[in-house]
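Remarks on the structure that follows.
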Amino acid sequence: MKKAKLYIDDQEVYEIPVLEDNMKGISLDIRNIRKDTGMITYDPGFGNTGSCQSAITYLDGEKGILQYRGYPIEELVEECDFVEVAYLLIHGALPDAKERYKYQELLNQHSMLHVDMLDFFRKYPDHTHPMSILAAMGVSLSAFYPEINLEEDPEAQMDLTVTRLLSKMRTIAAFTYRKLIGAEFVNPSYQYSYCANFLNMMFHSPVREYTPNPVHVRALNKLLILHADHEQNCSTTAVRLIGSSEANLYAAVSAGICALWGPRHGGANQAVIEMLEQIRDDGITVDEAVKKAKDKDDPFRLMGFGHRVYKTYDPRARIARKLCAEVLEDLGESDQLLEIAIELEQHALNDEYFIERNLYPNVDFYTGIIFRAMGIPTNMFTVMFALGRLPGWIAHYLEWNHDPYEKIGRPRQLYTGPTVRHVIPLEER
Ligand code: CMC
């Protein structure tokens with residue numbers, strides 16, 4: 001085994017084992033460093049820390065490569081639908097026709113919500129953010145469907161729980177939207193595929209004929225595939241961390257939903273549209289927006305730009321940009337926000353600040369414009385991201401569950417508070 005040597009000043013203090021992964025990536029194995037030397041490593045934001053071994057997604061941020069279980073994202077988006085990709089992430093292989101059919105049937109069987117859960121929806125205030133409802137309903141599934149008994153036939157129990165979660169979350173997402181617009185809930189139907197079913201639950205109306213637009217169904221499949229996994233991102237790390245305490249799958253996934261909500265992560269798709277609208281409505285020029293984003297005294301950032309791991313064009317953003325043009329062409333309308341987005345992209349990509357820092361559009365830059373064209377309101381965008389990310393979260397939870405090296409997640413810290421002091425009685429303070 002290769003070893004790296006650690007020196008402090010000129011003195012060798014430790015030999016660190018070197019590990020190599022399947023893609024020839026090199027890691028320093030620091031697991032025993034504290035035990036052997038008393039030192040810990042410091043890495044806020046975990047930008048340089050491998051927290052697990054994983055066989056789910058491969059990402060090369062310098063080359064712009066993204067693969068699920070070895071398959072390039074570009075091929076999956078062209079050749080598969082979302083249910084196949086969910087199966088791939090969770091089971092490790094693409095389904096054959098029989099498995100695909102069985103999986104779809106299973107998803108259909110578990111798509112309804114317990115009638116008592118509907119009361120929860122009705123009682124939420126009308127201004128509630130849909131991510132709040134999604135997270136709360138997600139964890140509430142553990143109360144209504146508590147069958148996870150890993151002692152008894154753990155594989156079957158887990159399969160059932162996973163299928164329920166995948167299917168019912170889609171229903172929860174659509175019902176959340178219906179509740180917030182004050183419309184009756186539309187139950188899932190056997191008649192439709194996974195994505196068409198979702199669009200029908202969202203947009204079916206008793207007063208006008210509604211058939212899911214095939215262009216939208218296709219686009220939704222692609223968008224959900226683009227979001228389906230992204231290795232150890234903030235929300236997936238949250239799922240694995242919660243899972244490491246042996247909390248149940250619903251609880252771990254709800255934590256993932258909460259982590260995704262923030263504008264630096266999945267909430268960026270909502271923030272992008274709000275930023276583009278602000279540019280349009282306040283009459284800010286693209287030049288001014290780029291200047292504001294560069295100004296360190298201004299909190300404004302170019303939402304949908306930059307990424308912790310991509311230092312080149314995000315391959316998902318490339319696909320989303322193309323998809324955006326297809327969906328708008330079907331609509332037969334141009335979109336002023338798309339025009340602003342393209343101009344903004346051009347401007348930023350030629351600006352020294354963005355070039356120096358390798359800041360490119362990420363997946364969220366164009367997806368909001370597509371969701372908008374499909375009639376999905378801005379506050380639901382992050383919910384759409386969550387629906388897409390669900391199989392990834394589940395796959396990581398299950399992988400953690402079978403990981404021979406798994407341990408409860410428990411980082412250390414560099415303490416910066418006061419050294420010991422003693423309590424002075426209240427009357428003397
Ligand atoms: N606009 C302006 N400046 C930026 C931006 C941006 N969008 N992103 C990064 N920078 C600057 C940042 O100020 C820093 O500059 P300096 O080195 O002078 O201090 C430098 O680029 C490095 O940025 P960082 O914040 O240290 O990078 P990070 O890896 O910690 O953060 C990020 C990554 C995604 C949180 C950040 O780029 C960002 O806030 N982007 C906007 C929000 C966004 O689009 N998020 C969605 C990410 S993709 C979906 C997902 O997977 O979650």
Side-chain angles (χ1 to χ4, degrees), residues 43-49 56-57 59-62 64-66 68 73 131 223-239 255-276 278-279 284 286-321 341 344-345 347-371 378 381-393 396:
D43 185 19
F46 311 128
N48 211 37
T49 294
I56 300 170
T57 287
L59 200 168
D60 183 330
E62 274 71 35
I65 296 172
L66 175 61
Y68 300 160
I73 187 71
M131 285 295 277
L223 285 170
L224 296 187
I225 293 172
L226 287 185
H227 288 101
D229 194 43
H230 213 233
E231 47 118 301
Q232 310 308 320
N233 55 85
C234 177
S235 56
T236 302
T237 299
V239 169
I257 294 171
C258 292
L260 188 74
W261 193 353
R264 283 171 157 191
H265 191 13
N269 53 15
Q270 172 172 343
V272 169
I273 290 293
E274 287 165 356
M275 171 189 76
L276 296 174
Q278 191 193 343
I279 293 173
I284 306 171
V286 159
D287 200 23
E288 282 163 351
V290 170
K291 253 196 207 120
K292 266 166 81 64
K294 295 191 294 186
D295 181 355
K296 297 288 177 203
D297 296 324
D298 190 327
F300 181 86
R301 277 191 159 197
L302 268 201
M303 299 314 287
F305 254 78
H307 201 277
R308 170 61 62 80
V309 288
Y310 288 120
K311 299 304 162 204
T312 181
Y313 211 102
D314 181 338
R316 303 168 302 170
R318 205 183 297 285
I319 297 168
R321 194 182 200 272
L344 205 52
E345 179 187 329
H347 225 84
L349 292 182
N350 288 305
D351 188 287
E352 208 45 50
Y353 173 99
F354 287 85
I355 296 170
E356 260 172 27
R357 289 168 179 74
N358 293 313
L359 300 172
Y360 292 86
N362 59 51
V363 68
D364 291 318
F365 197 62
Y366 287 105
T367 50
I369 299 173
I370 311 176
F371 287 135
T378 311
F381 292 176
T382 314
V383 170
M384 303 308 295
F385 193 148
L387 275 191
R389 187 55 54 90
L390 197 51
W393 288 333
H396 281 274

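What you are looking at is a predicted structure, and each value in this text was computed from that prediction instead of being measured. These values consider heavy atoms only, across backbone and side chains, with no hydrogens, waters or symmetry-generated copies. First listed ligand is number 1; within each ligand, the first listed atom is number 1.
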Next on the checklist: When you compare ligand 1 with His265, is there at least one nitrogen or oxygen pair between them that comes in under 3.5 angstrom?
Outcome noted: yes

Next on the checklist: Has Asp314 got a side-chain atom pairing as donor or acceptor with Pro361's backbone, closer than 3.5 angstrom?
Outcome noted: no

Checklist entry - Among protein heavy atoms, which sits nearest to atom 21 (O) of ligand 1, and what does the distance come to when rounded to 0.1 Å? => result Arg357 CD, 3.3 Å

Next on the checklist: Taking a cutoff of less than 4.0 Å between a non-hydrogen atom of the residue and any ligand atom, is Leu302 in contact with ligand 1?
Outcome noted: yes

Checklist entry - Within the distance-only criterion (no hydrogens, no angle test), does the side chain of Thr57 pair as donor or acceptor with the backbone N or O of His230 below 3.5 angstrom? => result no

Checklist entry - Tell me: protein heavy atom nearest atom 42 (C) of ligand 1, and distance? => result Met303 CE, 3.4 Å

Checklist outcome for this item: If you scan protein heavy atoms around atom 51 (O) of ligand 1, the nearest is His307 NE2, 3.6 Å

Item to check | Contact with ligand 1 for Lys296, non-hydrogen, under 4.0 angstrom | outcome: yes

Checklist entry - Under 4.0 angstrom from ligand 1, any heavy atom of Phe365? => result no

Checklist entry - Taking the side chain from Tyr68 and the backbone from Asp229, do they hold a donor-acceptor pair closer than 3.5 Å? => result yes

Next on the checklist: Can you name the atoms of ligand 1, numbered from 1 with element, that are less than 4.0 Å from a heavy atom of Ala293?
Outcome noted: 2 (C)

Next on the checklist: Quick check on side chain to side chain contact (heavy atoms under 4.5 Å, CB included): which of Asp364, Thr367, Thr378 does Ile273 satisfy it with?
Outcome noted: Thr378

Checklist entry - Would atom 46 (C) of ligand 1 count as contacted, meaning some protein heavy atom under 4.0 Å? => result yes

Next on the checklist: Polar contacts were defined as any N/O atom of the residue lying under 3.5 Å from an N/O atom of the ligand; does this apply to Asn362 and ligand 1?
Outcome noted: yes

Item to check | Under 3.5 Å: donor-acceptor pair, side chain of His265, backbone of Ser235 | outcome: yes

Next on the checklist: Strictly distance-based, threshold 3.5 Å: is any side-chain N or O of Tyr353 a donor or acceptor partner for the main-chain N or O of Val290?
Outcome noted: no

Next on the checklist: Measuring centre to centre across the rings, with the benzene-like ring taken for any Trp, is His307 within less than 6.0 Å of Phe365?
Outcome noted: no

Checklist entry - Does Gly304 come within less than 4.0 angstrom of ligand 1, counting non-hydrogen atoms of the residue? => result yes

Checklist entry - When you measure from the side chain of Asp60 to the backbone N and O of Ile65, does any donor-acceptor pair fall under 3.5 Å? => result no

Checklist entry - So is Ser235 close enough to ligand 1, meaning a heavy atom under 4.0 angstrom away? => result no

Checklist entry - What atoms of ligand 1 come within less than 4.0 Å of a heavy atom belonging to Ala268? => result 43 (C), 44 (O), 45 (N), 46 (C)

Item to check | Donor on one side chain, acceptor on other, Asn269 and Thr382, under 3.5 Å | outcome: yes

Checklist entry - What heavy-atom pair brings Pro315 and Gly64 nearest, and what distance separates the two atoms? => result CG-O, 3.4 Å

Checklist entry - Are there protein heavy-atom neighbours of atom 32 (C) of ligand 1 below 4.0 Å? => result no

Checklist entry - Once the angle between the rings of His227 and Phe385 is folded into 0 to 90°, is it parallel (under 30°), tilted (30 to 60°) or perpendicular (over 60°)? => result tilted

Checklist outcome for this item: closest protein heavy atom to atom 34 (C) of ligand 1 is Gly306 O, 3.7 Å

Checklist entry - Which of the numbered atoms in ligand 1 are below 4.0 angstrom from a heavy atom of Asp364? => result 46 (C), 48 (S), 49 (C)

Checklist outcome for this item: To the nearest 0.5 Å, atom CG of Leu226 lies from atom CG of Leu66 at 8.5 Å

Next on the checklist: Could you work out, for atom 25 (O) of ligand 1, the closest of Arg301, Lys294, Lys292, Arg308 by heavy-atom distance?
Outcome noted: Arg301

Next on the checklist: Between Asp351 (side chain only) and Leu349 (backbone N and O only), is there a donor and an acceptor less than 3.5 Å apart?
Outcome noted: no

Checklist entry - Do any nitrogen or oxygen atoms of Arg389 come within less than 3.5 Å of a nitrogen or oxygen of ligand 1? => result no

Next on the checklist: Test your reading of the structure: does Phe305 have an N or O sitting under 3.5 Å from an N or O of ligand 1?
Outcome noted: yes

Checklist outcome for this item: If you compare Asp295, Leu359, Val363 by their heavy atoms, the one closest to atom 8 (N) of ligand 1 turns out to be Leu359

Checklist outcome for this item: Nearest heavy atom to atom 3 (N) of ligand 1, choosing from Tyr310, Tyr353, Tyr360, belongs to Tyr353

Checklist entry - When you look for heavy atoms under 4.0 Å from ligand 1, do you find them on the side chain of Pro263, its backbone, both, or neither? => result backbone

